[in-house]
Visitor: 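Take a look at the following structure, please.
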Amino acid sequence: MSGENSDSATCSETTLTVNGKPHTLLVDHRRVLLDVLREDLDLWGARKGCDHGQCGACTVLVDGRRVNSCLLLAVALDGSEVRTVEGLGGDGGELHPLQQAFLDRDAFQCGYCTPGQLCSALGMLDEAAAGHPSRVTDDTPDGRPAPGRPVPLDRDEIRERLNGNLCRCGAYPRIVDAVEDVIR
């Protein structure tokens, strides 16, 4: 659909850097990032689950923050950097430590949610390192979260931060185990 209709009233040239590679596409204004990734760039890792931002199967990182790609209009992201599960590993094909931990811990069953779980976990690790509190983050003695100080990640903190990513197979305990392996 991206190159088919060049009507400037309904399409815009949009540049996205995806997994380190720039892509300039003519994108219909109504298309979401998930569809552009899958249909135009052949990046099938992010999954189409609920199409309502409720399951997390489509989670990717945009400018370093985890997002539900089924909810974001691609043209609104012009100039953004997008990282998908395909971009987690190294150039030589080696796995990202989170990917390896998921394998080691058998933190997936059917695998449908795994790409979104991995991207969400990576985003969550960066958020905690930057000091962003969650609902369960312990407060400082004066009752406020310590701004800018890394948030220690225990099992409750990990579960809370990943709670927007659903796994129908119930691999949650092993997912938490895998994340714990990476932060140790």
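Note that these values count all heavy atoms, side chains included, but never hydrogens, waters or copies made by symmetry.
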Visitor: Under a 3.5 Å distance rule, please check whether Asn68 uses its side chain to pair with a backbone N or O of Thr59 as donor and acceptor.
Guide: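 Not a single qualifying donor-acceptor pair exists.
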Visitor: Below 4.0 angstrom, N of the basic side chain to O of the carboxylate: do Arg65 and Asp63 qualify?
Guide: no
Visitor: With a 4.0 Å cut-off on N to O distance, would you call Asp156 and Arg159 a salt bridge?
Guide: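 Counted as a salt bridge, because a side-chain N and a carboxylate O are separated by less than 4.0 Å.
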Visitor: Are any side-chain N or O atoms of His96 and backbone N or O atoms of Leu98, one a donor and one an acceptor, separated by less than 3.5 Å?
Guide: yes
Visitor: Answer yes if the side chains of Thr17 and His23 hold a donor-acceptor pair under 3.5 Å, and no otherwise.
Guide: no
Visitor: Heavy-atom distance under 4.5 Å between the side chains of Leu153 and Leu125, does that happen here?
Guide: yes
Visitor: How long is the gap from CG on Leu34 to CG on Asp51, to the nearest 0.5 Å?
Guide: 7.0 Å
Visitor: Might you point out which heavy atoms bring Asp106 and Arg174 nearest each other, and give the distance in Å?
Guide: O-CD, 3.5 Å
Visitor: May I ask you to test the Ile175-Thr114 pair for a side-chain heavy-atom distance under 4.5 Å?
Guide: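 Contact flag for Ile175/Thr114 side chains = no.
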Visitor: Report whether Val62 and Leu88 are members of the same hydrophobic cluster (ILVMFWY, side-chain heavy atoms less than 4.5 Å apart, transitive linking).
Guide: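 No.
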Visitor: Quick one, Arg31 and Glu39 - any side-chain contact, counting heavy atoms below 4.5 Å?
Guide: yes
Visitor: Does anything in residues 123-135 pair up under side-chain hydrogen bond (donor to acceptor under 3.5 Å, both in side chains), and if so which pairs, sequence neighbours excluded?
Guide: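 Checked against side-chain hydrogen bond (donor to acceptor under 3.5 Å, both in side chains) - neighbours excluded - the pairs reaching residues 123-135 are Arg66-Glu127, Ser134-Thr137, Ser134-Glu157, Arg135-Glu160.
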Visitor: Ignoring hydrogens, what is the shortest heavy-atom contact between Ser12 and Val75? Give both atom names and the distance.
Guide: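 Closest heavy-atom pair between Ser12 and Val75: CB-CG1, 4.2 Å.
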Visitor: Let me see the working for Val18 and Glu86 under side-chain contact (heavy atoms from CB on, under 4.5 Å), right down to the final yes or no.
Guide: CA-CA 10 Å; Val18 182; Glu86 292 91 346; over 6 Å; no
Visitor: Does the side chain of Phe102 come within less than 4.5 Å of Leu95's, by heavy atoms?
Guide: no
Visitor: Indicate yes or no: at least one non-hydrogen side-chain atom of Leu118 is less than 4.5 angstrom from one of Gln99.
Guide: yes
Visitor: Does Ser69 reach the main-chain N or O of Cys58 with its side chain, forming a donor-acceptor pair under 3.5 Å?
Guide: yes
Visitor: Got a second to check how far Arg30's CZ is from Cys11's SG, nearest 0.5 Å?
Guide: 7.5 Å
Visitor: Measuring from atom SG of Cys55 to atom CG of Leu166, what distance do you get when rounded to the nearest 0.5 angstrom?
Guide: 6.0 Å
Visitor: Just to verify, what does Asp78 make a salt bridge (charged side-chain N to carboxylate O under 4.0 Å, His left out) with, not counting sequence neighbours?
Guide: none
Visitor: Evaluate the side-chain proximity of Val82 to Leu61: yes if any heavy-atom separation is below 4.5 Å, no if none is.
Guide: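 Sidechains of Val82 and Leu61: no contact.
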Visitor: Would you please name every residue forming a salt bridge (charged side-chain N to carboxylate O under 4.0 Å, His left out) with Arg155, sequence neighbours left out?
Guide: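 Salt bridge (charged side-chain N to carboxylate O under 4.0 Å, His left out) list for Arg155, sorted by chain: Asp177, Glu180.
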Visitor: Do you know which of Val67, Val32, Val36, Leu33 makes side-chain contact (heavy atoms from CB on, under 4.5 Å) with Leu77?
Guide: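 For Leu77, the side-chain contact (heavy atoms from CB on, under 4.5 Å) check succeeds only for Leu33.
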Visitor: Measure the CG-CD distance between Leu122 and Gln117 for me, rounded to the nearest 0.5 Å.
Guide: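 Leu122 atom CG to Gln117 atom CD measures 13.0 Å (nearest 0.5 Å).
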Visitor: Return the set of residues passing side-chain hydrogen bond (donor to acceptor under 3.5 Å, both in side chains) with Thr15 (not counting sequence neighbours), or none when no residue passes.
Guide: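 Result, side-chain hydrogen bond (donor to acceptor under 3.5 Å, both in side chains) vs Thr15: Thr24.
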Visitor: Verify the cluster assignment for Leu162 and Val85: are they in a single hydrophobic cluster under the rule of side-chain heavy atoms below 4.5 Å apart?
Guide: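 They do share one cluster, since a chain of ILVMFWY contacts under 4.5 Å joins Leu162 to Val85.
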Visitor: Give me the atom names and distance for the closest heavy-atom approach of Pro22 to Gly20.
Guide: CD-O, 4.0 Å
Visitor: For residues His52 and Cys50, report the shortest heavy-atom separation together with the two atoms involved.
Guide: CD2-O, 2.8 Å
Visitor: In this structure, would Val179 and Tyr172 fall into the same cluster of hydrophobic residues linked by side-chain contacts under 4.5 Å?
Guide: no
Visitor: Measuring from atom CZ of Arg47 to atom CZ of Arg38, what distance do you get when rounded to the nearest 0.5 angstrom?
Guide: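 Result: 7.0 Å between the selected atoms.
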Visitor: Taking all non-hydrogen atoms of both residues, which atom of Ala101 and which atom of Ala178 are closest, and how far apart?
Guide: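 Closest approach of Ala101 to Ala178: CB-O, 3.4 Å.
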Visitor: Tell me, please, which residues at least two apart from Asp181 pass side-chain hydrogen bond (donor to acceptor under 3.5 Å, both in side chains).
Guide: Arg105
Visitor: Carefully, step by step, assess Cys113 and Arg168 under the rule side-chain contact (heavy atoms from CB on, under 4.5 Å).
Guide: CA-CA 8 Å; Cys113 72; Arg168 292 183 180 187; over 6 Å; no
Visitor: Which residues end up grouped with Tyr112 if you chain together Ile, Leu, Val, Met, Phe, Trp and Tyr wherever their side-chain heavy atoms are less than 4.5 Å apart?
Guide: none
Visitor: Out of curiosity, Asn19 CG to Leu43 CG, how far, rounded to the nearest 0.5 Å?
Guide: 6.0 Å
